[in-house]
Protein chains: 4
Amino acid sequence: MRKANQIFQGAVDAFAEKGFDRATMDEVAERAGVAKGTLYYHFVGKEELICFLMEEGIGQLSSAVAEAVAQTDDPQGQVRAAIGAMVAYSNENRKFCQLLVKCIWSNAERQEQFREILQSYFDRLTGILNHGIHRGVFQPQPMEWAPSAWFGLVTIVILRVILQGQATDQERLVDYLYTQYMYGIIGRDIKTPN
Amino acid sequence: MRKANQIFQGAVDAFAEKGFDRATMDEVAERAGVAKGTLYYHFVGKEELICFLMEEGIGQLSSAVAEAVAQTDDPQGQVRAAIGAMVAYSNENRKFCQLLVKCIWSNAERQEQFREILQSYFDRLTGILNHGIHRGVFQPQPMEWAPSAWFGLVTIVILRVILQGQATDQERLVDYLYTQYMYGIIGRDIKTPN
Amino acid sequence: MRKANQIFQGAVDAFAEKGFDRATMDEVAERAGVAKGTLYYHFVGKEELICFLMEEGIGQLSSAVAEAVAQTDDPQGQVRAAIGAMVAYSNENRKFCQLLVKCIWSNAERQEQFREILQSYFDRLTGILNHGIHRGVFQPQPMEWAPSAWFGLVTIVILRVILQGQATDQERLVDYLYTQYMYGIIGRDIKTPN
Amino acid sequence: MRKANQIFQGAVDAFAEKGFDRATMDEVAERAGVAKGTLYYHFVGKEELICFLMEEGIGQLSSAVAEAVAQTDDPQGQVRAAIGAMVAYSNENRKFCQLLVKCIWSNAERQEQFREILQSYFDRLTGILNHGIHRGVFQPQPMEWAPSAWFGLVTIVILRVILQGQATDQERLVDYLYTQYMYGIIGRDIKTPN
DNA sequence: AATGAATGAGTTTTCATTCAT
DNA sequence: CATGAATGAAAACTCATTCAT
């Protein structure tokens with residue numbers, strides 16, 4: 001179990017930095033601090049390794065969001081909590097966040113497997129939105145696009161922040177993303193509601 | 001010139017489908033309908049080929065947005081026109097749109113070159129936003145994040161649409177993206193302004 | 001002792017089916033129902049394992065032939081008994097028979113060890129022939145080739161039978177091989193001597 | 001075409017000496033005097049290479065036999081001519097002959113492909129036998145075994161000769177094989193027919 | 001200009017063997 | 001005695017790039 005975890009970390013590191021295709025199994029092994037053969041003792045191959053990583057990572061992210069959302073019944077509070085969880089998770093797992101964006105659309109064949117994993121995450125987002133719509137707080141939405149919009153908005157901004165390596169004021173970032181998503185560019189500033 | 005254009009098309013095709021790293025120069029040549037050697041007669045190498053593609057594609061997209069925005073002085077009208085241009089361009093260049101998302105974050109070394117290209121596009125978006133803010137129509141924004149948010153929201157939804165291969169009502173998609181971006185999930189429906 | 005025998009069986013199984021080089025020690029262990037480490041507790045290595053198998057198998061075959069031949073003094077009867085023993089042994093040890101043919105010529109380095117083992121078997125065949133020649137029943141033969149001819153004729157036909165998986169009439173097969181070897185394609189049919 | 005032929009020769013060399021599994025593609029390339037990549041430019045992979053070799057070699061052997069047999073209508077003459085052709089071909093292609101015996105039964109998966117190739121050769125032998133049986137010169141035979149018997153008898157003896165590296169009197173070898181096959185160990189010596 | 005055969009450095013994967021428990 | 005996680009040397013295969021034609 002020890003080694004398997006080392007491999008997990010090494011793989012996230014390597015894939016996040018170089019991208020799945022450009023990172024070699026040698027690099028993964030080196031960063032994991034294990035011999036190359038050990039990689040193949042624990043994982044069938046490179047492909048299975050990335051799938052495991054994505055499943056694990058998205059699962060954790062999804063759980064973090066679920067937990068945060070469970071704290072309140074208020075739709076707006078839920079969206080804020082969800083975005084807060086996303087930002088916090090990304091901040092604690094910068095490597096994985098890069099890997100996620102780099103790999104999620106990378107390969108047509110893998111697409112199928114990833115999409116399934118991602119779908120469960122999207123379903124969670126959809127659930128939050130539906131709750132708010134049902135309560136009459138959110139506008140009705142074309143639900144085939146809504147989770148993608150949320151995901152795209154939040155993820156791409158976060159990635160930008162991570163890639164620029166700047167130490168970010170998390171609080172401020174969450175505020176921005178929440179306001180933007182909730183009220184758009186035209187809406188009131190949530191910090192100073194009239 | 002004929003051949004160079006064939007190569008351009010073949011490369012977009014191949015890179016969009018398989019991703020930059022997994023697409024081989026053989027595949028590019030095959031899809032372009034030229035011999036492999038011809039690729040190297042017209043382009044220095046694989047790396048230079050993708051850079052040329054990105055530059056060309058983003059340039060076209062950026063121009064399309066600029067042209068659309070130039071039609072009006074009204075900030076909201078400009079945002080709508082810009083989103084309309086993005087959707088239209090993506091619809092006419094589905095392959096390139098896939099390639100864009102797949103390759104833009106792919107590789108750290110290339111990052112630099114791409115970022116430069118992408119920056120000019122982001123600058124254009126920033127300009128539109130600044131215009132609206134200046135007019136007092138849009139809320140003040142953290143401008144280091146604002147173009148990323150816009151780009152992420154629009155691009156990821158469009159990609160979702162393209163990947164699902166569904167024939168989409170462009171009009172409805174633009175409406176959704178505009179409303180979402182302008183007013184957020186809580187805002188009024190743009191179609192039925194009070 | 002129990003485990004050693006399991007390994008023996010597992011190794012025959014694995015080597016017979018996949019060939020020595022393509023069968024892995026994992027497969028041997030699995031078929032033997034022991035852990036991989038156990039293989040190395042009982043045998044020095046893969047090479048030593050195949051040698052042990054061949055020695056054991058050819059020894060058994062050789063003994064079976066010797067025993068059958070000892071029943072009679074009549075040269076023709078001895079050849080028939082020998083062929084009968086070969087067919088019977090092959091039928092009871094189909095796996096080993098496949099392994100024998102697959103591995104006997106496989107590798108130049110191993111050749112030496114195997115040749116020694118095989119030589120004792122060939123010597124036995126040579127003895128039977130010499131006995132018949134001495135009695136004036138068999139024609140003088142070029143003895144450097146005679147045992148190979150006998151071995152090749154019988155073994156390849158048996159292998160063919162085994163590989164085709166057909167349930168064979170042993171009696172008829174022995175008759176055929178004996179007649180063919182004794183009288184050639186032109187000789188009388190042993191079953192209906194004129 | 002030049003290189004393809006070099007590869008053919010190099011592969012026969014390497015596979016004959018080390019056996020298919022133990023010969024590396026590096027060795028094949030080295031013996032062929034080409035770069036490793038060239039191997040893969042001309043052949044899909046190792047598996048396809050051995051298949052091509054077998055097909056080519058058995059085809060040549062089969063043709064040589066056919067040509068020899070066509071010279072006469074006499075059944076016994078045909079068998080002698082066939083064996084003569086086999087010995088001659090083996091003598092001129094010692095490497096291929098070793099490869100044939102080493103690889104023909106090596107691998108269960110490959111078995112299928114090889115068997116098909118070998119079958120055409122066996123069919124030729126069957127044809128010769130049927131001709132003689134029809135003429136009433138040869139005894140009726142169980143034709144499911146007859147070609148295997150012929151093949152085994154001749155091939156294994158030839159292999160023995162090749163492996164021992166002795167310079168052989170071809171004439172004498174053909175005589176022996178013919179007599180053995182035609183009259184068995186008990187039959188008259190063909191050299192001194194009564 | 002265009003071609004495609006040839007290359008070899010680089011990558012993934014396999015597997016016999018070891019050794020701490 | 002027995003185990004199975006860990007190893008690393010070795011092997012098959014890929015592919016961007018070159019170059020003679």
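Chain A is the first sequence line, chain B the second, and so forth, proteins listed ahead of strands; every chain is numbered from 1. Side-chain atoms are counted along with the backbone in the values below, which use heavy atoms only and exclude waters and symmetry mates.
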How many Å lie between CD on D:E30 and P on F:dA12, as a whole number? 14 Å
5'-to-3' dot-bracket of DNA chain F (Watson-Crick, G-U; under 3.5 angstrom; crossing pairs as [ ]; | other strand): .||||||||||||||||||||
The side chain of C:K3 lies closest to which of these nucleotides: E:dT7, E:dA2, F:dT3? F:dT3
Between residues 12-19 of chain B and DNA chain F, which residues have a heavy-atom gap below 4.0 Å? none
How would you list all residue pairs meeting side chain to side chain donor-acceptor pair (under 3.5 Å) that involve residues 48-59 of chain C, not counting sequence neighbours? none
For C:K36, all residues meeting salt bridge (charged side-chain N to carboxylate O under 4.0 Å, His left out), sequence neighbours excluded: C:D26
Please list, chain by chain and in numerical order, all residues satisfying side-chain contact (heavy atoms from CB on, under 4.5 Å) with A:A14, sequence neighbours excluded. A:A23, A:V28, A:R31
How many whole angstroms separate atom CG of B:N5 from atom P of E:dA1? 16 Å
Does anything in residues 94-120 of chain A pair up under ring pair (Phe, Tyr, Trp, His ring centres under 6.0 Å), and if so which pairs, sequence neighbours excluded? none
Distance col, row C:L49:CG vs C:H42:NE2, nearest 0.5 angstrom, shows 11.5 Å
Partners meeting side-chain contact (heavy atoms from CB on, under 4.5 Å) with B:R22 (sequence neighbours left out): A:F20, A:D21, A:E47, A:N107, A:R110, B:K18
Below the 4.0 Å mark, does F:dA6 have OP1 or OP2 next to a side-chain nitrogen or oxygen of A:H42? yes
Nearest-Å distance for atom pair CZ/P, residues A:R2 and E:dT21: 15 Å
So if I apply the side-chain contact (heavy atoms from CB on, under 4.5 Å) rule between C:F15 and each of C:K46, C:E27, C:Q98, which one comes out positive? C:K46
Between B:Y41 and D:G33, which residue's closest nucleotide on DNA chain E lies nearer the 5′ terminus? B:Y41
Which residues pass the side-chain hydrogen bond (donor to acceptor under 3.5 Å, both in side chains) test with D:Q119, not counting sequence neighbours? C:R160, D:D123
With sequence neighbours excluded, tell me which residues meet ring pair (Phe, Tyr, Trp, His ring centres under 6.0 Å) with C:Y40. none
Atom-pair distance (CG on B:L39; P on E:dT3), nearest Å: 10 Å
Rounding to an integer number of Å, can you tell me how far B:F43 CZ sits from F:dT18 C1'? 18 Å
When you compare the protein's N or O atoms with those of nucleotides 12-16 of chain E, which come within less than 3.5 Å of each other, and at what distance?
{"from": "E:dT12", "atom 1": "OP1", "to": "A:K46", "atom 2": "NZ", "distance (Å)": "2.7"}
{"from": "E:dT12", "atom 1": "OP2", "to": "A:M25", "atom 2": "N", "distance (Å)": "2.9"}
{"from": "E:dT13", "atom 1": "OP2", "to": "A:Y40", "atom 2": "OH", "distance (Å)": "2.9"}
{"from": "E:dT13", "atom 1": "OP2", "to": "A:K46", "atom 2": "N", "distance (Å)": "3.1"}
{"from": "E:dT13", "atom 1": "O4", "to": "A:K36", "atom 2": "NZ", "distance (Å)": "3.0"}
{"from": "E:dA16", "atom 1": "OP1", "to": "C:K46", "atom 2": "NZ", "distance (Å)": "2.9"}
{"from": "E:dA16", "atom 1": "OP2", "to": "C:M25", "atom 2": "N", "distance (Å)": "2.6"}

Set of residues satisfying side-chain contact (heavy atoms from CB on, under 4.5 Å) with respect to C:S63, sequence neighbours excluded: none
Residues at least two apart in sequence or cross-chain that pass side-chain contact (heavy atoms from CB on, under 4.5 Å) with A:K95, listed by chain then number, are A:V12, A:D13, A:A16, A:E17
Identify which nucleotide among E:dA6, E:dG8, F:dG4 has an atom closest to any side-chain atom of D:T38, counting heavy atoms from C-beta outward. E:dA6
